[in-house]
Amino acid sequence: MDNIQDLENQLLAQIRNLLSQINNNILQLQSLNEYEKNISGNYYYLYNYQVQEINNLINSMKLLISILESIKDYIALYYKEISGNPYITPNIKTEIIGQINNGIKEVRSMIDKLFIEIEILTNNLQ
């Protein structure tokens, strides 16, 4: 069975791969934007490029969620490592876990705010 560090390294590689996929989406979006500039008078092609663009954006958001899921798994392994390490004192364990929990709450608040803003924006566009 793999040790915790091997599993953590696998998760980090997975996160790196997901980030690479997001980078590829960004490059595709840049290409689409260049095409849109060149065909601005042709509404049929413009529509197709805009659909591709929104699909890339949605796929990027899904990849970001996958990254968050991988980070969640990484944090779970980190908790396990901290809790099983006899060399880390209970006070330090409590402090580390408290920092993680505070960070997670901050990130959750940011994500909640972001999706509320997206919902408001899309509702205003309709």
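Quantities reported herein were computed from a predicted structural model and do not represent experimental measurements.
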- Item | Evaluation steps, side chain to side chain contact (heavy atoms under 4.5 Å, CB included), between Ile96 and Ile100 | CA-CA 6 Å; Ile96 290 171; Ile100 292 170; 4.1 Å; yes
- Flag the pair Val51 / Asn55 as yes when at least one side-chain heavy-atom distance between them is below 4.5 Å, and no otherwise. yes
- Message: If we ignore hydrogens and angles and just use 3.5 Å, is the side chain of Asn123 paired with the main-chain N or O of Glu119 as donor and acceptor?
- Response: yes
- Could you give the distance from CG (Leu19) to CG (Leu64), rounded to the nearest 0.5 Å? 8.0 Å
- Where at least one partner belongs to residues 58-68, residue pairs that pass side chain to side chain donor-acceptor pair (under 3.5 Å), sequence neighbours excluded: Asn25-Ser60
- Item | Test side-chain hydrogen bond (donor to acceptor under 3.5 Å, both in side chains) applied to Tyr78 - qualifying residues, sequence neighbours left out | none
- Note on the structure: Residues passing the salt bridge (charged side-chain N to carboxylate O under 4.0 Å, His left out) test with Glu34, sequence neighbours excluded, are Lys37
- Query: What is the distance from atom CD of Glu69 to atom CG of Leu11, rounded to the nearest 0.5 Å?
  - Reply: 11.5 Å
- Query: Rounded to the nearest 0.5 Å, what separation is found between the CG atom of Leu68 and the CG atom of Leu63?
  - Reply: 11.0 Å
- Test log, rule side chain to side chain contact (heavy atoms under 4.5 Å, CB included), inputs Ile104 and Ile75: CA-CA 10 Å; Ile104 289 170; Ile75 289 171; 4.2 Å; yes
- Hey, could you give me each pair passing salt bridge (charged side-chain N to carboxylate O under 4.0 Å, His left out) that has a residue in residues 99-110? Not counting sequence neighbours. Arg108-Asp112
- Task: Drop me the distance from Leu32's CG to Ile54's CD1, to the nearest 0.5 angstrom.
- Result: 11.5 Å
- Tell me, do Ile97 and Asn101 make a side-chain contact under 4.5 Å, heavy atoms counted? yes
- Find the distance between OG1 (Thr89) and CD (Glu95) and round it off to the nearest 0.5 Å. 9.0 Å
- Hey, quick one: are Leu57 and Leu27 part of the same hydrophobic cluster, counting side-chain heavy atoms closer than 4.5 Å, chains of contacts allowed? no
- Query: Are the side chains of Met61 and Ile118 in touch, meaning some heavy atoms are under 4.5 Å apart?
  - Reply: yes
- Message: Under 4.5 Å side-chain heavy-atom separation, chaining through any Ile, Leu, Val, Met, Phe, Trp or Tyr, what else clusters with Leu121? Say none if it is isolated.
- Response: Leu125
- Query: Who are the ring-ring contact (aromatic ring centres under 6.0 Å, His included) partners of Tyr35, not counting sequence neighbours?
  - Reply: Tyr49
- Item | Minimum heavy-atom distance between Lys93 and Ile88, given as atom pair plus value | CE-O, 3.1 Å
- Query: When rounded to the nearest 0.5 angstrom, what distance separates CD in Glu8 from CG in Leu12?
  - Reply: 7.0 Å
- Message: side chain to side chain contact (heavy atoms under 4.5 Å, CB included) for Asn33 and Glu53? Distances and angles first, verdict last.
- Response: CA-CA 8 Å; Asn33 284 335; Glu53 192 171 27; 2.7 Å; yes
